[in-house]
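Proteins come first, then strands; the chains are lettered A, B, ... in the order of their sequence lines, and each starts at number 1.
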2 protein chains.
Amino acid sequence: MQPPENQADLTFRLTRAIREYQNASDIMDEAFTALLGINRTDGRCLDIIDLHGHPTAGQLAAESGLTTGTVTAVVDRLEKAGYVRRRRDPGDRRKVVVEATETAQELGTLVFDEVGRLGQALMGRMTPEQLLIVIRFLEVGNRMSREMAALLSKHVPSGASSPEDRRERARAFHREQKAMVRRLEASFGPR
Amino acid sequence: MQPPENQADLTFRLTRAIREYQNASDIMDEAFTALLGINRTDGRCLDIIDLHGHPTAGQLAAESGLTTGTVTAVVDRLEKAGYVRRRRDPGDRRKVVVEATETAQELGTLVFDEVGRLGQALMGRMTPEQLLIVIRFLEVGNRMSREMAALLSKHVPSGASSPEDRRERARAFHREQKAMVRRLEASFGPR
DNA sequence: ATATTTATCTTGAAATGCGAGATATTTGAT
DNA sequence: ATCAAATATCTCGCATTTCAAGATAAATAT
């Protein structure tokens, strides 16, 4: 019985699976995007629209990291392709609400509902305890990433910047990060 | 004790955590990309370069879904920014091998090593059995996604296509997908 | 009532990506 | 050994996408 080595192997294997998860879902999204005949950015925005229900153009811009001008063009293209429509928000007529059409939803269902069913089948074979283990792992990981990203954003230069400045900023982030890591690690409880 | 409802809640919660995982890691990548002062595509390619060690330009094109001409421009920009360098493959002088510079690696380490440490700390608090549950879940999910994506790619039109054609293709995919789902579900074993 | 802020769209210019083709290298056939 | 065919990357003209400044309309604050 060699728990230390076994643990290390499993840790490595899990790290790898996590990293590959991102890649696998990217590939699926790309294929869907290609099926719809839209470009990568438009596909990303359509996913955001689906995930958020019916965001305003501004919300879409914020979520996607694109400028509002670009979002106008994205929505124009998606509207032309028949995948979204615009609606004025009745409570604030400055705002344009963007929603997915029935066409987009139908295609999404055709492509993703069986994946979803398969996922349900997989989860259906797991005990509540097992589900909770995975849930906790992912939820903690999500929280870690979000907090780290928020902190890192504070160190991003607002305009042009030299390589030396970037390195200094990365160092400053690293120092603050260590404090955050200590706090988060403490929240994990005893080892 | 209500196992059916509890199970459904947990399943929903896990589905949600999975979907949010993708978003969380995207946000972290975006922040890193912004710190480096490179655009989204260049950041994506730098990630591929890091993940694959030192891909050839052609491999980078295949992984990224970009044309080789575009990859040349991407590598030009990354090289100019000091994050990658080109090297001729001594065994085949047609091939250009692209590798990350020490600068890129240093910045990557500054930004990601503590996240990695935190991940290790989280995993260090889990038993081998718990690790295995998460590993299996992710590895099965990764396999599902990859196989689905490969099948879906076969239904992507090779050029311009009408909305009706896209719908038909999605339907055809759906039918073949069901057979695949049955096979994959059978591989999960008894419920 | 007026000034200020907010939300989206327009526009000119810059950046990015595609696709055809050029160039160099390697592989396969004779 | 020689030549044809295939492979790998880069070049180039053009198309598409994105940015940033500014315009317009609507909502909020004074």
Chemist: Each nucleotide in nucleotides 6-14 of chain D should get exactly one letter: B, S or -. Can you fill that in based on protein heavy atoms under 4.0 Å?
Modeler: BBSBBB---

Chemist: Angle between ring planes, Tyr21(A) versus Tyr21(B), binned at 30° and 60°: parallel, tilted or perpendicular?
Modeler: tilted

Chemist: Got a sec? Which of residues 39-53 of chain A come in under 4.0 Å of DNA chain C, heavy atoms?
Modeler: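 Contacts with DNA chain C under 4.0 Å: none.
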
Chemist: Using a 3.5 Å distance criterion without hydrogens, assess whether the side chain of Ser64(B) forms a donor-acceptor pair with backbone atoms of Cys45(B).
Modeler: no

Chemist: For the backbone of Gly189(B) and the side chain of Arg125(A), can you confirm whether one donor and one acceptor N or O come within less than 3.5 Å of each other?
Modeler: yes

Chemist: Holding to ring-ring contact (aromatic ring centres under 6.0 Å, His included), I want the full list of residues that pass it with Phe32(A), two or more places apart in sequence or in another chain.
Modeler: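 Listed in chain order: Phe112(A).
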
Chemist: Only pairs at least two apart or in different chains count here, so list each salt bridge (Lys or Arg N to Asp or Glu O under 4.0 Å) that has a residue in residues 148-164 of chain A.
Modeler: Glu164(A)-Arg167(A)

Chemist: Please indicate whether Arg16(A) has more than 12 foreign heavy atoms, meaning atoms of other residues, nucleotides or ligands, lying under 6.0 Å from its CZ.
Modeler: no

Chemist: Salt-bridged, Arg171(A) to Glu168(A), with N to O below 4.0 Å?
Modeler: yes

Chemist: Identify the residue among Thr41(A), Leu36(A), Asp29(A) that makes a side chain to side chain contact (heavy atoms under 4.5 Å, CB included) with Leu46(A).
Modeler: Leu36(A)

Chemist: Can you give me the first and the last nucleotide of DNA chain C (5' to 3') that has an atom within less than 4.0 angstrom of a non-hydrogen atom in chain A?
Modeler: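 On DNA chain C, the outermost contacted nucleotides are dT6(C) to dT10(C).
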
Chemist: Salt bridge or not between Asp50(A) and Arg19(B)? Use side-chain N to carboxylate O under 4.0 Å.
Modeler: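 Counted as a salt bridge, because a side-chain N and a carboxylate O are separated by less than 4.0 Å.
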
Chemist: Take the C1' atoms of the five end pairs on each side of the helix from dA1(C)-dT30(D) to dT30(C)-dA1(D), get both axes, and report the angle to 10 degrees.
Modeler: 30°

Chemist: Under 4.5 Å between any side-chain heavy atoms of Ser153(A) and Leu35(B), yes or no?
Modeler: no

Chemist: Select from Gly65(A) and Pro90(A) the residue whose nearest nucleotide in DNA chain D is closer to the 5' end of that strand.
Modeler: Gly65(A)

Chemist: Does Arg169(A) pair with Asp165(A) as a salt bridge, N-O distance under 4.0 Å?
Modeler: yes

Chemist: Is the CZ atom of Phe12(B) crowded by more than 12 outside heavy atoms at less than 6.0 Å?
Modeler: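 For Phe12(B), atom CZ is not crowded (no more than 12 foreign heavy atoms under 6.0 Å).
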
